[in-house]
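Counting from 1, the numbers follow the sequence of the chain as shown.
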Amino acid sequence: MSRSYKISLILKSRNSLPVYKDLSKLSEGELDEQVRAIVRRMQANESHVIARMVLRQPTFSLN
């Protein structure tokens with residue numbers, strides 16, 4: 001799996017890592033670890049977490 005694909009997978013996931021770190025500066029090992037964590041969460045099926053999420057009404061602003 002290419003480095004750019006790993007980064008895009010992390011960005012598209014519900015991972016908060018991109019908020020705290022610049023993904024382009026992570027080592028290959030760190031990227032692999034994050035991708036493995038994403039795959040583990042997908043295998044664990046987090047539907048119980050999703051079911052507890054609070055649904056908010058969509059809002060918009062006319063600023």
Side-chain angles (χ1 to χ4, degrees):
M1 189 180 310
S2 71
R3 182 175 179 81
S4 60
Y5 184 77
K6 291 176 191 175
I7 291 174
S8 68
L9 184 64
I10 292 170
L11 288 173
K12 290 178 184 177
S13 72
R14 293 184 294 149
N15 196 335
S16 61
L17 183 68
V19 175
Y20 301 107
K21 291 191 177 188
D22 182 8
L23 296 179
S24 63
K25 294 182 181 178
L26 290 179
S27 69
E28 278 299 316
E30 290 171 321
L31 280 176
D32 286 340
E33 181 182 330
Q34 292 299 322
V35 170
R36 279 194 300 271
I38 291 169
V39 171
R40 260 189 316 241
R41 285 199 313 266
M42 288 167 56
Q43 290 173 342
N45 187 4
E46 294 183 339
S47 59
H48 63 282
V49 174
I50 295 169
R52 289 191 198 125
M53 291 173 69
V54 177
L55 295 177
R56 293 183 171 82
Q57 294 297 324
T59 59
F60 63 92
S61 174
L62 298 176
N63 289 346

Report summary line: Sorted by chain and residue number, the side chain to side chain contact (heavy atoms under 4.5 Å, CB included) partners of S2 (sequence neighbours excluded) come out as S4, Y5
Report summary line: Note: L9 and I38 closest approach over all heavy atoms is O-CD1, 4.2 Å
Report task. Could you list all the salt bridge (Lys or Arg N to Asp or Glu O under 4.0 Å) pairs where at least one residue sits in residues 26-39, not counting sequence neighbours? Result -> R3-E28, K6-E28, K6-D32
